[in-house]
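See below for the structure under consideration.
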Amino acid sequence: MPELPEVETIRRQLEPFIVGRTVTDSGSHPSAKFAPAVEVVGTTVESTKRRGKFLLFGLDDGRELIVHLGMTGQLIPGAELDDPYLRAWWRLDERSGSESVLGYRDVRRFGRIRVAQNGDYEGTLATLGPEPFDPDFTPLGLWETLKGSRRHLKTQLLSQRPVAGVGNIYADEACFRAEVHPAVRRVTRAQAERLHHAIVQVLRQGVDNGGTTLRDYRDADGVSGENQHHLDCYGRHGEPCVRCGTELRKTILDARTTTFCPRCQSRR
DNA sequence: CGCAGCGCCTGAAGGC
DNA sequence: TGCCTTCAGGCGCTGC
């Protein structure tokens with residue numbers, strides 16, 4: 001559930017807490033998904049970054065601690081070590097006024113923790129598309145990427161290749177605002193331009209609102225975001241479209257719940 | 001190499 | 001009330 005705006009919100013809140021601190025001890029769930037957490041004991045965190053939905057903590061030994069929150073992951077300063085859903089934890093050196101333990105809590109264990117040499121990534125992180133707020137994410141570039149595949153538009157967006165950080169919520173919102181049907185298999189240049197604008201807009205709005213809180217997501221302070229009050233499409237099937245009043249429809253597209261306006265979001 | 005299909009997880013919500 | 005089923009879904013892996 002945490003997508004780019006939620007991850008960015010967490011990163012911003014964590015940064016003053018963690019930068020400059022040394023990891024003195026650590027523990028993890030035995031699963032290989034979380035066990036790498038303990039490999040960073042003895043290092044000092046120098047920076048926090050984000051790529052798409054991945055959180056990257058730069059370490060003083062040239063490595064990075066990489067955290068993906070999956071569906072239900074949370075990073076919690078001051079976590080309780082007896083929390084049954086705590087999958088990893090790091091004890092940090094003392095700093096007055098600051099909690100000494102950072103916990104990774106993940107009820108459903110869809111998240112993942114890794115350690116890599118600086119910039120030496122594998123998997124999705126290695127093939128991630130451009131950051132949506134960077135200048136190399138352009139309407140023309142998006143069109144070129146989308147043209148290269150015959151998969152459904154929304155499935156392409158969720159692949160992280162055309163642009164990094166879009167998940168189910170913001171994919172529905174972007175397609176809705178761009179007035180493009182999520183199941184088209186090819187987009188026109190005009191549609192790609194609208195999509196580009198819509199993607200930047202919905203993600204920017206999400207960040208500005210501190211993320212979208214639905215069920216599991218909480219930011220690092222345990223506080224809810226506010227963007228759920230600003231969604232036009234996601235989760236609103238059965239409600240009238242804010243543009244034309246037509247009832248929003250829900251469908252399953254490539255195994256993903258998808259909401260769209262059957263009138264506004266044309267296939268061409 | 002692209003991509004479809006599947007498995008991973010468990011609490012919440014819905015049905016009866 | 002309580003049991004059972006369905007649902008949520010990002011990513012890694014496998015194999016065509």
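Letters A, B, ... mirror the listed sequences (proteins, then strands); counts begin at 1.
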* With heavy atoms under 4.0 Å as the rule, sort R161(A) into base, sugar-phosphate or nothing. => nothing
* To do: Please determine if a side-chain N or O atom of T72(A) lies less than 4.0 Å away from the OP1 or OP2 oxygen of dT10(B).
  => no
* Please check the phosphate of dA8(C) (OP1 and OP2 only) for any side-chain N or O of Y234(A) closer than 4.0 Å. => no
* Whole angstrom is fine here: how far is it from CG in D83(A) over to P in dT10(B)? => 14 Å
* Write down the distance between CZ (R185(A)) and C1' (dG2(B)), rounded to a whole number of angstrom. => 14 Å
* Starting at atom CD1 of I113(A), determine the distance to atom C1' of dC11(C), rounded to an integer number of angstrom. => 15 Å
* Hey, does the side chain of T257(A) come within less than 4.0 Å of dA8(C)'s phosphate (OP1/OP2), counting only N and O? -> yes
* Structure fact -> Contacts of F110(A) and E122(A) projected onto DNA chain C by closest heavy atom; the upstream (5') one is F110(A)
* Asked: L128(A) and L69(A): same hydrophobic cluster, using ILVMFWY side-chain contacts below 4.5 Å?
  -> no
* At under 4.0 Å, does any side-chain N or O of H68(A) touch on OP1 or OP2 of dG10(C)? -> no
* To the nearest Å, give me how far apart CG (L125(A)) and P (dC11(C)) are. => 10 Å
* In whole angstroms, how far is the P atom of dG10(C) from the CD1 atom of I169(A)? -> 9 Å
* Asked: So, K154(A) and D172(A), do they make that salt bridge, N to O below 4.0 Å?
  -> yes
* To do: Mind checking S149(A) for me? I need base, sugar-phosphate or nothing, with any heavy atom below 4.0 Å counting as a touch.
  => sugar-phosphate
* Asked: Between F260(A) and H181(A), how do the two ring planes meet: parallel, tilted or perpendicular, split at 30° and 60°?
  -> tilted
* Is there a path from L153(A) to L158(A) through hydrophobic residues (I, L, V, M, F, W, Y) whose side chains come within less than 4.5 Å of each other? -> no
* Asked: Taking OP1 and OP2 of dA4(B), is either one under 4.0 Å from a side-chain nitrogen or oxygen of R151(A)?
  -> yes
* To do: May I ask you to say what K154(A) touches in the nucleic acid, namely base, sugar-phosphate or nothing, with a heavy-atom cut-off under 4.0 Å?
  => nothing
* Asked: dC9(B) C1' sits how many Å from Y104(A) OH, rounded?
  -> 12 Å
* Would you mind classifying the nucleic acid contact of R256(A) as base, sugar-phosphate or nothing, using non-hydrogen atoms under 4.0 angstrom? => base
* Asked: Counting any heavy atom closer than 4.0 Å, what does Q160(A) reach on the DNA or RNA strands: base, sugar-phosphate only, or nothing?
  -> sugar-phosphate
* To do: Send over the distance from R108(A) CZ to dG7(B) C1', rounded to a whole Å.
  => 13 Å
* May I ask you to evaluate whether Y85(A) reaches the phosphate of dG11(B), defined as a side-chain N or O under 4.0 Å from OP1 or OP2? => yes
* Does a nitrogen or oxygen in the side chain of K33(A) sit under 4.0 Å from OP1 or OP2 of dG12(C)? -> no
* Asked: Below 4.0 angstrom from OP1 or OP2 of dC3(B), is there any side-chain N or O of S159(A)?
  -> no
* To do: Could you tell me whether R21(A) sits above the aromatic face of F17(A), with NZ or CZ closer than 6.0 angstrom to the six-membered ring centre and within 45 degrees of the axis?
  => yes
* **Mutual orientation of the aromatic rings belonging to F54(A) and H68(A) [parallel < 30°, tilted 30-60°, perpendicular > 60°]** => perpendicular
* **Between C1' of dG10(C) and CG of N168(A), the distance in whole Å** => 10 Å
